[in-house]
Amino acid sequence: MPEDIKKETIDNETAENKAEEIEIEGADEESTQAAEEAKDTDMNETESDDDASTDAEAKADEKADEKKGLFKKKKKDKKDEQIEELNDRLKRQMAEFENFRKRSEKEKSQMFDMGAKTIVEKILPVIDNFERGLAAVPDDKKDDPFITGMDKVYKQMLTELDAAGVKPIECVGQEFDPDFHNAVMQVENDELESGTVAQELQKGYMYKDSVVRHSMVSVVQ
């Protein structure tokens with residue numbers, strides 16, 4: 001083979017080998033660059049995941065702190081509990097005392113009324129005797145100073161009884177009521193309807209809202 005052709009062949013092979021080396025180097029550089037890019041991407045994703053997990057942990061810690069704070073707020077101090085207990089006990093005792101005071105006043109009032117009724121019952125016969133005595137005085141002696149004085153005493157007693165809540169029961173001409181009247185006899189009367197009180201035989205009295213003595217009456221048949 002001529003030397004020129006042999007040399008040209010060698011040069012061509014060398015050029016081809018260099019081209020192949022260049023291509024291989026380029027491919028290696030590209031694969032290395034891709035690997036580095038992938039590594040960077042993985043690192044970025046890992047950092048993002050780490051950031052996300054860090055944020056989640058931070059939020060969880062904040063919620064835990066909030067729960068602890070709420071728990072601490074709900075859990076009261078022993079001193080506050082003792083103060084509330086004492087206040088509650090004081091309120092109950094004040095309410096019990098108020099009920100006791102009202103009950104005592106009511107019982108006291110009832111006892112006073114019972115005592116007053118007892119005294120009134122004892123005074124009523126005296127009033128009856130005054131009325132009988134003054135009714136028996138002749139007309140020509142009604143101006144006698146003694147009779148005038150007795151009449152004034154009688155009227156004064158009625159005034160004091162009225163001021164104390166003692167009042168006579170109205171009965172004549174009223175319909176008979178067993179709650180206020182005590183019928184001892186029946187009479188005939190054309191002017192009054194049947195069941196009407198015709199005559200008062202003994203005056204009845206009331207103390208406030210209760211009957212001290214029923215009126216003794218006669219009722220029309």
Other residues, nucleotides and ligands only: do more than 12 of their heavy atoms fall within 6.0 Å of [atom1] on [X]?
X: Asp190; atom1: CG; answer: no
X: Glu98; atom1: CD; answer: yes
X: Glu188; atom1: CD; answer: no
X: Gln156; atom1: CD; answer: no

Answer yes or no: is there a side-chain heavy-atom contact under 4.5 Å between [X] and [Y]?
X: Val187; Y: Gln199; answer: no
X: Lys106; Y: Lys102; answer: no
X: Val184; Y: Leu201; answer: yes
X: Tyr205; Y: Ile127; answer: yes
X: Met157; Y: Val126; answer: yes

Any side-chain to backbone donor/acceptor pair from [X] onto [Y]? Under 3.5 Å, distance only.
X: Asp88; Y: Glu84; value: no
X: His214; Y: Gly204; value: no
X: Arg213; Y: Lys203; value: yes
X: Asn99; Y: Ala95; value: yes
X: Ser104; Y: Phe100; value: yes
X: Thr196; Y: Glu175; value: no

> Given Arg92 and Glu96, is the salt bridge (charged side-chain N to carboxylate O under 4.0 Å, His left out) satisfied, shown in steps?
Replying inline: CA-CA 6 Å; Arg92 287 199 302 268; Glu96 291 176 358; 5.7 Å; no

>> Using 0.5 Å steps for rounding, measure from the NZ atom of Lys167 to the CE atom of Met206.
In response: 10.5 Å

> What is the distance from atom OG of Ser194 to atom CZ of Phe176, rounded to the nearest 0.5 Å?
Replying inline: 12.0 Å

> Is there a salt bridge (charged side-chain N to carboxylate O under 4.0 Å, His left out) between Lys155 and Asp151 once you walk through the steps?
Replying inline: CA-CA 6 Å; Lys155 290 180 179 179; Asp151 184 63; 3.2 Å; yes

